[in-house]
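We use all heavy atoms of the structure for the numbers below, so side chains are in, but hydrogens, waters and symmetry mates are not. Lettering follows sequence order; numbering is per chain, from 1. None of these values were measured; they are calculated from a predicted model.
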2 protein chains.
Amino acid sequence: MESRIERIKKQLHNAKYKLTPQREATVSVLLEHEEDHLSAEDVYLLVKEKSPEIGLATVYRTLELLTELKVVDKINFGDGVSRFDLRQEGAAHFHHHLVCIECGAVDEIQEDLLGDVEQIVEDRWNFRIKDHRLTFHGICSRCGEGNEEKE
Amino acid sequence: MESRIERIKKQLHNAKYKLTPQREATVSVLLEHEEDHLSAEDVYLLVKEKSPEIGLATVYRTLELLTELKVVDKINFGDGVSRFDLRQEGAAHFHHHLVCIECGAVDEIQEDLLGDVEQIVEDRWNFRIKDHRLTFHGICSRCGEGNEEKE
DNA sequence: ACATTAACGACAATCATTACAATATGATTA
DNA sequence: TAATCATATTGTAATGATTGTCGTTAATGT
């Protein structure tokens, strides 16, 4: 999808940042791994495959920049690293995650689901919600197969 | 509340762990700061006030142990540190948080609110939920006072 | 093409967390 | 009571992720 990267390019320019080859390479890696939840190191290694001269610090800086522009979201699943996840284009809010405590797989939920809950929180706590993070920990469908003991 | 620490003592014993003075001091600091969201370092400094001989590693291990026993929950608000939060006694699930992006305050929501959402996730994604993390980022009631521009 | 200045790359520094190895504690049993 | 065994603790070293520094490079506007 070429238009996608074009639009990100525009976002950068609007915010007065340059689109350097390194940044372009980093964004394109993220696009190619939209399903995954890559750590900075992961991104670094992947970008290095196409642009071997790139430095780790640059990747960190680029990811920080993209986070600031809300192109990606930074998440933390409790292992020691931050992970970066492309935000769905035009999505009002960040999507949710299912983390399997058996196999470690991370699945995404694009549906909002929190509409009612957010309304309640805004009203009852008088809190103006700008963003959210929702992660469920449990057993994924693949690992739960067969052994259906109700706990 | 003395019975609270007594019950934690029992939990430890049931899991075949001892309640050493260091562990007791750590738990009591957590109880005295139930409202806060202390990092391991914070806990260390506070415990040190009453038990100056305690080592940082011991605090880390104790917090890890308490996390395993589900006495505390480990959370991460995106700054580089893990924070530890006492779980409400008897609470089925971990409570939620409101993080103010203006003043940094962290408030808690004890109400579950996710019942319906979890039912949907369990059914539709065939995912057996064991735990969750829900954090809202936005403007807290104190910071939102007065300037009520609808964004 | 040229100057300005943001961006880069390599590496050092920092900060949180974990690993290690030696010592201490405390219960159990001879 | 003393020997034994397992677990816990301590201080410190090691690790691993992330950030800072600084001299160099290259993107952009004229």
Among C:dA6, C:dA10, C:dA16, the nucleotide that comes nearest once only the side chain of B:Val81 is considered: C:dA16
For the base of D:dG20, is there a side-chain donor-acceptor partner from A:Arg61 under 3.5 Å away? no
Residue met sooner reading DNA chain C from 5', once A:Leu65 and A:Lys48 are mapped to nucleotides: A:Leu65
Report which part of the nucleic acid B:Thr58 touches: base, sugar-phosphate, or nothing (heavy-atom distance under 4.0 Å, all strands). base
Atom CD of B:Glu41 and atom C1' of C:dT14: how far apart are they, to the nearest Å? 13 Å
Between A:Lys74 and A:Asp85, does at least one N-O distance fall below 4.0 Å, as a salt bridge requires? no
Distance in angstrom units between B:Ile54 CD1 and C:dT25 P, rounded: 14 Å
Take the protein atom CG of B:Leu63 and the nucleotide atom P of D:dT9, then report the distance between them rounded to whole Å. 12 Å
Of B:His33, B:Arg4, B:Glu35, which is the lone residue that meets side chain to side chain contact (heavy atoms under 4.5 Å, CB included) with B:Leu86? B:Arg4
Quick one about B:Tyr17 and B:Glu68 (side-chain donor to acceptor, distance below 3.5 Å, no hydrogens or angles considered), yes or no? yes
Using whole Å, report how far CG of A:Leu45 lies from P of D:dG16. 14 Å
Hey, which of these two, A:His13 or B:Pro21, hits DNA chain D nearer its 5' end, going by closest nucleotide? B:Pro21
Is the phosphate of D:dT18, meaning OP1 or OP2, less than 4.0 Å from a side-chain N or O of A:Tyr60? yes
Is there a side-chain contact between B:Thr26 and B:Ile54 (heavy atoms, below 4.5 Å)? yes
Atom pair distance, as rounded to whole Å: NZ in B:Lys16 and P in D:dC5: 21 Å
Taking C:dC8, D:dA27, D:dG20 as options, the one with an atom nearest any side-chain atom of A:Ala57 is D:dG20
Contacts of B:Leu56 and B:Lys18 projected onto DNA chain D by closest heavy atom; the upstream (5') one is B:Lys18
Please determine, by modelled atom types, if A:Glu108 and A:His37 share a side-chain donor-acceptor pair under 3.5 angstrom. yes
Whole angstrom is fine here: how far is it from OH in A:Tyr17 over to C1' in D:dG29? 19 Å
Please determine whether a side-chain nitrogen or oxygen atom of A:Gln22 lies at a distance below 4.0 Å from atom OP1 or OP2 of D:dT25. no
With the side chain defined as heavy atoms from C-beta on, B:Thr20 is closest, among D:dA17, C:dT17, D:dA8, to D:dA8
Atom pair distance, as rounded to whole Å: CD in A:Glu53 and P in C:dA10: 9 Å
Length of the line joining B:Glu64:CD and D:dA8:P, which is rounded to integer Å: 12 Å
Please state whether the phosphate of D:dT18, meaning OP1 or OP2, lies under 4.0 angstrom from any side-chain nitrogen or oxygen of A:Ser82. yes
Determine the contact category for B:Ser39: base if any of its heavy atoms lies under 4.0 Å from a base atom, sugar-phosphate if only primed atoms, P, OP1 or OP2 are that close, otherwise nothing. nothing
